Trainee: 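Pasting in a structure now, in structure tokens, and then I'll have a few things to ask.
A note on names: the letters A, B, ... follow the listed sequences, proteins ahead of strands, and every chain is numbered from 1. Nothing here was measured: the structure is a model prediction, and the numbers come from that model.
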Amino acid sequence: MLPKAYDPKAVEDRIYAMWEESGAFTADAKSDKEPFTIAMPPPNATGNLHLGHAVMLALQDIFIRFQRMRGKEALWVPGTDHAAIATESMVIRKLQKEKKMKDPRAQLGRETLVNEIRTFVEQSKKTIRGQVRKMGSSCDWSRERYTMDATLNRCVNEVFVKMYRDGLIYRGHRIVNWDPKLQTTVSDDEIEHEERTEPFYTFKYGPFEISTSRPETKFGDKYVVMHPDDKRYAKYEHGQTMTVEWINGPIEATVIKDKAVDPEFGTGVMTITPWHDHVDFDLAERHKLEKQQIIGFDGKLLPIAGEFSGMPIEDAREKIVEKLKSKGLLVSIKEDYVHNVSLSQRGKGKIEPQIKEQWFIDVNKRVVKWKRRELSLKEVMQEVVKTGLIKIIPERFEKEYFHWIDNLRDWCISRQIWWGHRVPVYYCTKCKEANGKPQEHLYVGTEPFVTHELCGSPVTQDPDTLDTWFSSALWTWSTLIDTELAEDMSMSLEELLLTSPDFMKFHPTDVMETGYDIIFFWVSRMILMTTYVTGPMAELEYGQVPFDTVYLHGMIRTRDGRKMSKSDPETMIDPLDMIAKYGADALRLSMIVGQSPGADSRLYEEKIAGYRNFVNKLWNASRFVLMKCEEGHTDPSTITALPHAKDLSLADRALLHALEVLIEDVMDGLTNYRLSEVGERIYAFVWEYFCDWYLELSKGTANLAVLVHVLRKILVLLHPYCPFVTEELWASVKSSDAGMLIKNTWPNAKAERKDPEAYAQLQILIDVITAIRKLRSEQGIEPGKEVSVTIFSKDHAALLDAQPEHIRRLGKVNSLTISGKSVKLKNTAVAILSGAEVHLSLEGLIDVEAEVKKLKIEHADLTKYLKGIEAKLNDKSFTEKAPPKVVEMERKKIEEGKDKLNKLAERLSTLDNIKK
RNA sequence: GGGCAAUUAGCUCAGCUGGUUAGAGCGUUCGAUUCACAUUCGAAAGGUCACUGGUUCGAAUCCAGUAUUGCCCACCA
């Protein structure tokens, strides 16, 4: 016999091991079944699983289990991400803290630091693996991948080289986002803006007044810019020069006219700092102006700053203002100037735009082959979503996606950190010396390159690594490449893809399920890379997308809507704690139900506890079924068929009907990704219909076949949501020829088992019992006390008369009279239902005053309600324009309502007579 | 500055393409230890669906505007 309460701790690990050992998670590339693939967004191998991971694992596991049971060859590829900047900065901080190192990069050197990180990551991967298992994730561990695997590294190199040869990757001096704290560039998407209030200074600059919030960048400003149509400055000509007094003495200034200047803003004149500002850079490019670096990569001022040289910019600002003031050049300071500053998403350090030689991907060059045309990366990314090749759920994110593409600039892919895929570019030291020119990359290749082909001298590899999203962008297909084949360097990437069985069977993947916060970082770049790589391949119909559907989930927040953050541990809910306390099934339900795609949701412990209660309810319902079987000396595993409908009771037929409707609803909901709704639907069916009514009714006479049949179906339908408890219970109720639940087939709704009439009839019985209970409660009758009940029902007397036992037992009724004709009764409380009049009589207990009051209120409410409907029906425009079906429905309401109203009136007059 | 969303019971949320006397869970109130389950059972109270207009025979649902909140994007010095 099962224990009284479900104990997930005693079950989950055992069940998971059983699944894993049985090979249930392992997909077969040779199978004839239709594939269904999900590439798991790889968690960063930096620490622990958090709720964001938990929600993604739960969602994906539901998708994959559902499709597996539906008979698809389901593959869920797990993995982890090397998360370049995040990991490196985390290990560096760790070394600083634990080993008291001041500058681990300098102290350890590249190789040693990379090894430190590698060790850390290995450990972290182990942790993550264990935690992913705890969630019940049915992913294929035999195919686990890591974004720094050898195969993935090869793919990265291959793609880099291909793009380089296509002219899509280029190296150039561009203005980039420099993070002085982390000592690397970051991409546009890795920047956050924060509103700050800072002083806004206005200075005299020759005959002009210019304003800035950053005086510390102004040393080299020798261009003064204004709008060409600004009449105030019409007397100055473009290109005109003049000498102006500036911070460290006179400067030769040049007038530039450009439409980028807004005459309405400030004085309408500005000076520019092309090295440290995006707008100024563009402007300088347009007019071919000189650019000069003012701030070093360490965040300190360079010698151009004269006496301020070497000062950190924060310290220098006030002193510079001080100096300008003393020279009489300060005009005003506006203290409440609000503007946005750029911060690094990772280290939260202030971003300093800098000009730096970096590697970029050109998103506008039209050399990308896609469906036999040549487009730009931007255009392909747009097209696949516009034409519906990729569908985004919820749809509104498609708009955001397009908007992002419209504003997309070339993607800076190089990073000045050491952890990551190294840029596969090599420089010859000797040749560089020979012609004394800037380094020429002489070899861009997929294999490590040792000596220069021409001169035979040693080469050095580019020190930079690639943006972590460069490798993640290859995730859906690089994980499906055969790792052994990938060792053969004589094969091209195209050949590798076409000969890898997994790739050919499982790509494109079906659904990419991830948080909406990384749609740009990741989703769009997977689209970019996958379409680019597969576009030229005839065998792949000139281009594959990485996935058909993108399902975006929202963030999980605290109960009061705040972000959960590590810096505020009290707000954090640790999924592993919750699993230990309530079980993985309960946690999964609590995250899925109430969450709709693209929207944030709130989670709190009571909610998880609520679903723990549900899981326990299911557990006990199963115990009840097993107990009934035991009482009937029937081994549930021998039950294989349902009796014919004619041999079943009303309750049985009604339940079977409700089950078929449920099966339909669940199928419909899951295929349309409506997980929350489906979860709620099953929850209600199990608790309210199956437990509260059917099981209670069946305490009288239980049909074991029906009990077992329905329970089995519930377990199947619920399995994607609650894999552990359902699998555990399945072992006790499955038929002897069935295997594990995880491999069981999904049911199809059977029309022949539907019996809406039985369902409606049972509902009448339920209504009558509910009415009796309500009357008992109103009259304050003790729960144990038995009562007399008289029911008048013209239409349903026969039906009710056939079910007296149910009414007697569930209503605690000792004397039951059912009649088709109504008689006036004294001393009874009454409930008027639409099809029946239920009288509860109990000598002495009936409070006539209260009863009259109750019925009067009911009468008044009903009158008002019917008046409304009558008005509607008397309105010609309604009866003429509304569909006949709706009109008919309203007529029926009136009919039923009037019947009830008459009964109420009758009853009131009877009671009146009694009072007299 | 531009865009997107949300606003329904004390709390957390459903309510899909307009027709329900607007639902659920938690919480609250009353009652119950009935032999599957107190992680339970029965009953109840609680909402002018943010506001203002409009479309419509009919609006929580569609449209416009307002307010509040949240998010994303953006180079105004």
Trainee: Which nucleotide wins on minimum distance to the side chain of A/Arg409, given the candidates B/C75, B/A77, B/A36?
Mentor: B/C75
Trainee: Tell me whether A/Arg559 is salt-bridged to A/Glu605, with the criterion being a basic N under 4.0 Å from an acidic carboxylate O.
Mentor: no
Trainee: I want to verify a distance call: between B/C41, B/C73, B/C57, whose nearest atom is closest to the A/Lys617 side chain?
Mentor: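 Of all the options, the side chain of A/Lys617 is nearest to B/C41.
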Trainee: Please report the distance, rounded to the nearest Å, between CG in A/Asp600 and C1' in B/U69.
Mentor: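 To the nearest whole Å, that distance equals 13 Å.
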Trainee: Taking the side chain of A/Tyr683 as heavy atoms from C-beta outward, which of B/A36, B/G25, B/A43 is closest to it?
Mentor: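 Of the candidates, B/G25 comes closest.
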Trainee: Determine whether a donor-acceptor pair (one donor, one acceptor, N or O, separation below 3.5 Å) exists between the side chain of A/Glu677 and the base of B/A24.
Mentor: no
Trainee: Thinking salt bridges, do A/Lys864 and A/Asp861 make one under a 4.0 Å N-O criterion?
Mentor: no
Trainee: Taking only side-chain N and O atoms of A/Ser601, does any of them lie within less than 4.0 angstrom of OP1 or OP2 on B/C13?
Mentor: no
Trainee: Between A/Tyr516 and A/Phe397, is the ring pair (Phe, Tyr, Trp, His ring centres under 6.0 Å) condition met? List the steps.
Mentor: CA-CA 8 Å; A/Tyr516 65 74; A/Phe397 278 95; 5.7 Å; yes
Trainee: Using the ring-ring contact (aromatic ring centres under 6.0 Å, His included) rule, pick out the option among A/Tyr604, A/Tyr683, A/Tyr721, A/Trp687 that qualifies with A/Tyr611.
Mentor: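 Among the candidates, only A/Tyr683 passes.
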Trainee: How would RNA chain B look in dot-bracket form, 5' to 3', counting Watson-Crick and G-U wobble pairs with both distances under 3.5 Å and writing | for bases paired to another strand?
Mentor: (((((((..((((.....[...)))).(((((.......))))).....(((((..]....))))))))))))....
Trainee: Please confirm whether the shortest side-chain N or O distance from A/Lys812 to OP1 or OP2 of B/U34 is below 4.0 Å.
Mentor: no
Trainee: Side chain of A/Lys4, base of B/C37: donor and acceptor closer than 3.5 Å?
Mentor: no
Trainee: Quick one: which of B/U12, B/C37, B/U20 gets closest to the side chain of A/Arg559?
Mentor: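 Closest nucleotide among those given: B/U12.
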Trainee: Which listed nucleotide (B/C72, B/A36, B/A77) is nearest to the side chain of A/Lys218?
Mentor: B/A77
Trainee: Of all the choices, B/A43, B/G19, B/G70, which nucleotide is nearest to the side chain of A/Val886 once you look at every atom?
Mentor: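 Of all the options, the side chain of A/Val886 is nearest to B/G19.
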Trainee: Could you check which of B/C73, B/A77, B/A24 has an atom nearest any side-chain atom of A/Glu688?
Mentor: B/A24
Trainee: Nearest whole Å is fine: how far is B/U56 P from A/Lys881 NZ?
Mentor: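 Answer to the nearest Å: 8 Å.
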Trainee: Answer yes or no: is there an ion pair linking A/Lys812 with A/Glu786, defined by an N-O contact shorter than 4.0 Å?
Mentor: no
Trainee: Please tell me which of the listed nucleotides, B/A43, B/U21, B/C37, lies nearest to the side chain of A/Thr770?
Mentor: B/A43
Trainee: Is it the case that the base of B/U12 and the side chain of A/Arg602 share a donor-acceptor contact (distance under 3.5 Å, atom types as modelled)?
Mentor: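 Counting by modelled atom types and ignoring angles, no donor-acceptor contact under 3.5 Å is found here.
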Trainee: Can you name the residues that form a side chain to side chain donor-acceptor pair (under 3.5 Å) with A/Trp178, not counting sequence neighbours?
Mentor: none
Trainee: Nearest to the side chain of A/Phe265, heavy atoms from C-beta on, is which of B/C75, B/A77, B/U40?
Mentor: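 Nucleotide nearest to A/Phe265's side chain: B/A77.
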Trainee: Under a 4.0 Å threshold between the charged nitrogen and the carboxylate oxygen, would A/Glu778 count as salt-bridged to A/Arg773?
Mentor: no
Trainee: Between A/Tyr337 and B/A77, does any side-chain N or O lie under 4.0 Å from OP1 or OP2?
Mentor: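 It does, given that an N or O in the side chain of A/Tyr337 lies less than 4.0 Å from OP1 or OP2 of B/A77.
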Trainee: Give a yes or no answer on whether the side chain of A/His276 reaches the backbone of A/Ile294 with a donor-acceptor pair at less than 3.5 Å.
Mentor: yes
Trainee: Going by ring centres under 5.5 Å and near-parallel planes (under 30°), is A/Tyr865 stacked on B/U21?
Mentor: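 The base of B/U21 is stacked with A/Tyr865 (centres under 5.5 Å, planes under 30°).
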Trainee: Tell me whether the side-chain N or O atoms of A/Asn340 pair up with the base of B/A74 as donor and acceptor below 3.5 Å, since no angle test is needed here.
Mentor: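 Looking at the base of B/A74, it does pair with a donor or acceptor on the side chain of A/Asn340 (distance under 3.5 Å).
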Trainee: Choose from B/G19, B/A36, B/C4 the nucleotide whose nearest atom is closest to any side-chain atom of A/Glu400.
Mentor: B/C4
Trainee: When the P atoms of B/C4 and B/A64 are considered, how many whole Å apart are they?
Mentor: 10 Å
